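Bear in mind the structure is a predicted one, so any value in this text is a computation, not a measurement. Reminder, nothing fancy here: chain letters follow the sequence lines and each chain counts from 1.
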2 protein chains.
Amino acid sequence: MATTMNDERQPNARDLQRLETRRALAEQAIRLFGERGFDQTTVEEIAASAGVSTRTFFLHFPTKAAAAFPDHGERVDDFVQRLNSGDPFVQPLSQLRSVLLARIDTTSPSRLARYALLSRVPELRDEDARTDRDYEEAIAGFLVLHWGSSPEAVVRANAIANAVIGVVRATLSAAGEHGIDARAVTAEILGRLLGVPLDEPLHSVQPNRKPPASPI
Amino acid sequence: MATTMNDERQPNARDLQRLETRRALAEQAIRLFGERGFDQTTVEEIAASAGVSTRTFFLHFPTKAAAAFPDHGERVDDFVQRLNSGDPFVQPLSQLRSVLLARIDTTSPSRLARYALLSRVPELRDEDARTDRDYEEAIAGFLVLHWGSSPEAVVRANAIANAVIGVVRATLSAAGEHGIDARAVTAEILGRLLGVPLDEPLHSVQPNRKPPASPI
DNA sequence: CCATGTTGGTACAGTGAGTGCAGTTAATAC
DNA sequence: GTATTAACTGCACTCACTGTACCAACATGG
């Protein structure tokens, strides 16, 4: 349900300890995955590099691959919050579109580097796809909220959620891999998929609707 | 490279034996996954039910989950062949579109039942997503073949491949789960994504291009 | 400041997926 | 008929991941 509830407290010494352990585990995991490869890295090594026991690793991450995505939960929560915090009179697809594009615009170079790692390591790509399902569910839920939960609406919502996530993943991973600007392609394809709202003209996108020309 | 080479032979007794073992393994795996659930089924049990040793299972399938998709390779090969066997003067996106819709039209009820199982079992859904990457690569390769391999074309091809597979997966799984007709929604969204070719008017699709109305 | 509950971490034993390797047997090729 | 191949087996091994009992440090409330 993506609880955006504020269950904040003053962080204890214990909280800080826990956070630091988690951070160290993720750091060492990402480092070792990059250096030796995913399969050549054991959880035992990650834990030892972070200075904790193997068992502790699994108190922080459910799987070996999950350590490469330490902030996944927060990012999904943030995404959901942005989706739902828009002007309620804006068309939901427009809202979705602008949240997605904003997210691409604010993707840090370090995060892009992570995407580049992702596309090179199949196991991490799998994990990435798995985590993307949280976004799909968020998007589908958001659309169903506006469209109602008739079977047709649900199918439509899921189809669009899947498509949209597919586009973003592909363009972001290309951006990480080849340094390409993800925004233009994403905006163009999202425009076709979700409709091009008139209030935000796109930069480098043709007027649309002509048979998509070969990009050469 | 999806070798569509004909390396056919007369199947001898050994081939038949191998095929039969593989078939029995897949059958028992699917049965047990459905009856007990994925996690509650061990490879040892699958192998025993099929009357072979545990080791033999892994001579036929690389992972436990793969046994639920025994004909994956052939289906991908078939898909690639259909993609490339079209009229070379047809726009590639139109070709892609009609191959995808044809595939949905020819999805057997038994296969739909499998999709329903998929959407209930998270581990199998993961495996499905993993196998879908073969389709993504096939589609992206097909598009790059027509568009050239400039970075922009590659990004575009990958983005569209991801989106298209996402749509098909969502609609097929909804069709399996709720018995909904996958074709209409797929055709509509693919139409928006890939362009609606004039030579094949769609059934239940609005003229497109107006802001996508709430389906309620 | 002490008693008491809480919690992050550890040690250990276990399950099960997946692999490498060295056979065995039976069909096939020559 | 003999040599070869290939499907299958048995066994030992690695490693991801889990359940459980435990400890030690910290938090909390009087």
Output yes when [X] and [Y] qualify as a salt bridge under the 4.0 Å nitrogen-oxygen rule, no when they do not.
X	Y	value
Arg133(B)	Glu136(B)	no
Arg23(B)	Glu20(B)	yes
Arg31(A)	Glu35(A)	yes
Asp78(A)	Arg103(A)	yes

Enumerate the residues from residues 13-24 of chain B whose closest heavy atom to DNA chain C is under 4.0 Å, giving them by residue number; use none for an empty result.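 Within this stretch, Ala13(B), Arg14(B) sit under 4.0 Å of the strand.
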Could you give the [atom1]-to-[atom2] distance, from [X] to [N], as a whole number of Å?
X	N	atom1	atom2	value
Glu123(A)	dC15(D)	CD	P	15 Å
Asn12(A)	dT28(D)	CG	C1'	11 Å
Lys64(A)	dC17(D)	NZ	P	8 Å
Leu25(B)	dC8(D)	CG	C1'	11 Å
Phe61(A)	dT18(D)	CZ	P	14 Å
Leu59(A)	dC22(D)	CG	P	18 Å

Run Ser49(B) and Leu32(B) through side chain to side chain contact (heavy atoms under 4.5 Å, CB included) and show every step you take. CA-CA 9 Å; Ser49(B) 301; Leu32(B) 288 168; 3.8 Å; yes
Which atom pairs, one a donor and one an acceptor, fall under 3.5 Å between side chains of residues 57-70 of chain A and the rest of the protein, sequence neighbours left out?
| from | atom 1 | to | atom 2 | distance (Å) |
| --- | --- | --- | --- | --- |
| Thr63(A) | OG1 | Ala66(A) | N | 3.2 |
| Lys64(A) | NZ | Phe38(A) | O | 2.9 |
| Lys64(A) | NZ | Thr41(A) | O | 2.7 |

Could you please name the option among dC17(D), dG18(C), dT9(D) that lies closest to any side-chain atom of Thr63(A)?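 Between dC17(D), dG18(C), dT9(D), the one nearest the side chain of Thr63(A) would be dC17(D).
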Are OP1 or OP2 of dG9(C) and a side-chain N or O of His60(A) less than 4.0 angstrom apart? yes
Residue pair Thr21(B) / Gln17(B), side-chain donor-acceptor N/O under 3.5 Å: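 Yes.
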For DNA chain D, find the residues of residues 32-57 of chain A with a heavy-atom distance under 4.0 Å and give them by number; none if there aren't any. Thr41(A), Thr42(A), Val43(A), Arg55(A)
4.5 Å side-chain heavy-atom contact, Val80(B) and Tyr135(B): no
For the CZ atom on Arg82(B), are there more than 12 heavy atoms of other groups (residues, nucleotides or ligands in this structure) within a distance under 6.0 Å? no
